[in-house]
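We count ligands from 1, going down the list as the structure has it; atoms in each ligand are counted the same way.
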Amino acid sequence: MAELLQHPEIMQKACKELGEVVGKDNIVEKFHIPKLHYLDAILKETFRLHPPAPLVPRSPCTTQTISEYTIPKGSRVLFNVWAMQRDPEAWEKPLEFQPERFLLDAGRGDFKGNNYSFLPFGSGRRICPGISLAEKMILDIVSTLLHSFEWNIPHGTTLDLSERFGFVTKMQEPLIAIPIAKYYSSEHYQ
Ligand code: HEM
């Protein structure tokens with residue numbers, strides 16, 4: 001939501017897609033979600049720039065040598081997914097919020113951990129088992145928020161997208177956004 005408020009043109013495109021797929025005075029339902037390709041690209045771009053779990057831990061069960069590094073058995077290794085997903089060698093204009101990059105190359109947004117420059121849910125045998133639940137819930141919630149309300153930040157304020165680094169990434173300052181009802185009928189909000 002913060003990135004969308006920062007990029008009104010992207011928010012507008014997402015709302016246009018919702019208007020076409022869901023219809024102006026209908027509520028979002030489960031069968032609409034797989035048709036929301038642009039919103040899905042927004043979710044992937046958000047996970048790329050702001051992975052909720054920025055460090056993925058591993059511990060080798062035997063001593064391993066990778067390039068000139070020896071990693072002793074049992075040591076704690078943290079994969080910095082946050083940095084990997086902003087690597088300029090893997091991503092064009094890595095610091096820009098551009099959902100289109102996932103529309104042009106759908107394989108890049110694979111959550112299964114096969115693409116080592118995009119690992120928001122980890123990879124391998126300890127990969128997150130909640131991927132499909134998380135993806136469905138977030139798309140369900142964000143699509144409903146966008147389709148039901150127009151969003152603005154409070155007058156005279158600016159958005160601060162800086163993050164608090166930790167086990168789970170959070171915004172440094174909580175997002176404050178003001179909803180304005182979009183539907184004519186109040187039934188939709190009950
Ligand atoms: C935005 C949503 C979520 C994100 C970004 C996320 C991310 C992650 C990541 C990065 C890992 C570590 C994977 C690895 O070590 O390779 C993980 C592990 C795990 N996640 Fe999630 N997760 C999310 C939601 C969920 C949900 C909804 C559930 C359960 C309903 C869940 C259950 C788990 C469990 C049980 C593990 C540990 C798996 C293991 O160690 O074998 N996660 N998650």
Side-chain angles (χ1 to χ4, degrees), residues 1-7 10-11 14 17-18 28-64 66 69 71-87 90-91 94-99 101-103 105-147 151 159 161-175 177:
M1 287 301 288
E3 284 286 4
L4 291 179
L5 284 157
Q6 181 85 321
H7 299 95
I10 296 177
M11 168 120 63
E17 178 181 65
L18 280 158
V28 182
E29 298 197 54
K30 279 193 181 43
F31 63 86
H32 294 124
I33 305 289
K35 298 180 191 159
L36 299 169
H37 303 295
Y38 191 64
L39 196 67
D40 190 53
I42 289 173
L43 174 70
K44 289 179 167 146
E45 183 66 339
T46 307
F47 275 149
R48 185 187 69 80
L49 272 178
H50 312 287
L55 301 171
V56 171
R58 286 290 181 275
S59 183
C61 49
T62 55
T63 297
Q64 298 284 334
I66 301 171
Y69 300 100
I71 303 166
K73 173 185 172 183
S75 49
R76 177 60 60 93
V77 180
L78 295 174
F79 286 85
N80 189 342
V81 169
W82 184 90
M84 288 153 81
Q85 295 184 163
R86 289 167 178 238
D87 181 356
W91 301 95
L95 302 185
E96 289 185 12
F97 188 79
Q98 292 181 350
R101 66 176 95 234
F102 289 106
L103 290 178
D105 184 355
R108 296 209 83 184
D110 179 359
F111 286 142
K112 294 189 185 121
N114 300 322
N115 165 11
Y116 293 142
S117 51
F118 186 65
L119 299 172
F121 291 97
S123 182
R125 69 206 303 188
R126 306 308 296 262
I127 194 168
C128 176
I131 299 176
S132 64
L133 178 64
E135 189 180 14
K136 283 191 182 71
M137 281 176 63
I138 296 169
L139 286 172
D140 207 349
I141 293 166
V142 177
S143 59
T144 298
L145 289 179
L146 290 179
H147 196 54
W151 292 91
L159 261 173
L161 273 122
S162 43
E163 296 171 333
R164 189 157 13 122
F165 210 64
F167 184 65
V168 175
T169 315
K170 289 184 180 163
M171 290 182 81
Q172 189 87 41
E173 296 300 329
L175 174 66

* Output the list of atoms in ligand 1 that are nearer than 4.0 Å to some heavy atom of Phe47, sorted by atom number. => 1 (C)
* Asked: What is the nearest protein non-hydrogen atom to atom 2 (C) of ligand 1, stated with its residue, atom name and distance?
  -> Ala134 CB, 3.5 Å
* Structure fact -> Nearest non-hydrogen protein atom to atom 30 (C) of ligand 1, with distance, is Leu133 CD2, 3.6 Å
* To do: Look at atom 6 (C) of ligand 1 and say which protein heavy atom is nearest, naming residue and atom and giving the distance to 0.1 Å.
  => Phe121 CD2, 3.5 Å
* To do: Could you tell me which atoms of ligand 1, counted from 1 in the order shown, lie closer than 4.0 angstrom to a heavy atom of Pro52?
  => 5 (C)
* Any idea which protein heavy atom is nearest atom 14 (C) of ligand 1, and the distance to it? -> Arg126 O, 3.1 Å
* **Between CH2 on residue Trp151 and CG on residue Leu145, distance to nearest 0.5 Å** => 5.0 Å
* Structure fact -> Note: ligand 1 atoms sitting under 4.0 Å from heavy atoms of Ala53 are 10 (C)
* Would you check if the side chain of His147 reaches a backbone N or O of Ser143 as a donor-acceptor pair within less than 3.5 Å? => no
* Asked: Heavy atom under 4.0 Å from ligand 1: found in Ile127's side chain, backbone, both, or neither?
  -> backbone
* Asked: Can the ring centroids of Phe102 and Phe47 be said to lie less than 6.0 angstrom from one another?
  -> no
* In terms of atom number and element, which parts of ligand 1 are under 4.0 angstrom from non-hydrogen atoms of Ser123? -> 16 (O)
* Indicate whether any N or O donor in one side chain lies under 3.5 Å from an N or O acceptor in the other, for His50 and Glu163. => yes
* If you measure from CG on Leu43 to CG on Leu139, what distance do you get to the nearest 0.5 Å? -> 5.0 Å
* To do: Kindly check if the number of other-residue, nucleotide or ligand heavy atoms within 6.0 Å of CZ (Phe167) is above 12?
  => no
* **Whether Arg58 lies under 4.0 Å from ligand 1, heavy atom** => yes
* Which of the atoms in ligand 1, numbered in the order shown and given with their element, are less than 4.0 Å from a heavy-atom of Val56? -> 10 (C), 14 (C), 15 (O), 16 (O)
* Closest approach of any protein heavy atom to atom 36 (C) of ligand 1, naming residue and atom -> Pro129 CD, 3.5 Å
* Report, as yes or no, whether the 6.0 Å neighbourhood of atom OH on Tyr116 holds more than 12 heavy atoms from other residues, nucleotides or ligands. => no
* **Selection from Pro57, Gly122, Pro120 by shortest heavy-atom distance to atom 7 (C) of ligand 1** => Pro120
* Asked: Would a distance-only check, ignoring hydrogens and angles, find a side-chain to backbone donor-acceptor pair under 3.5 Å from Ser117 to Gln85?
  -> no
* To do: Working to the nearest 0.5 Å, report the span between CE of Met1 and CE of Met171.
  => 11.0 Å
* From the options Gly130, Gly124, Pro51, Ser132, select the one whose nearest heavy atom is closest to atom 28 (C) of ligand 1. => Gly130
* With the threshold set at 4.0 Å, does a side-chain nitrogen-carboxylate oxygen contact exist between Lys44 and Asp40? -> yes
* **Shortest protein contact, atom 25 (C) of ligand 1 (heavy atom only)** => Cys128 SG, 3.6 Å
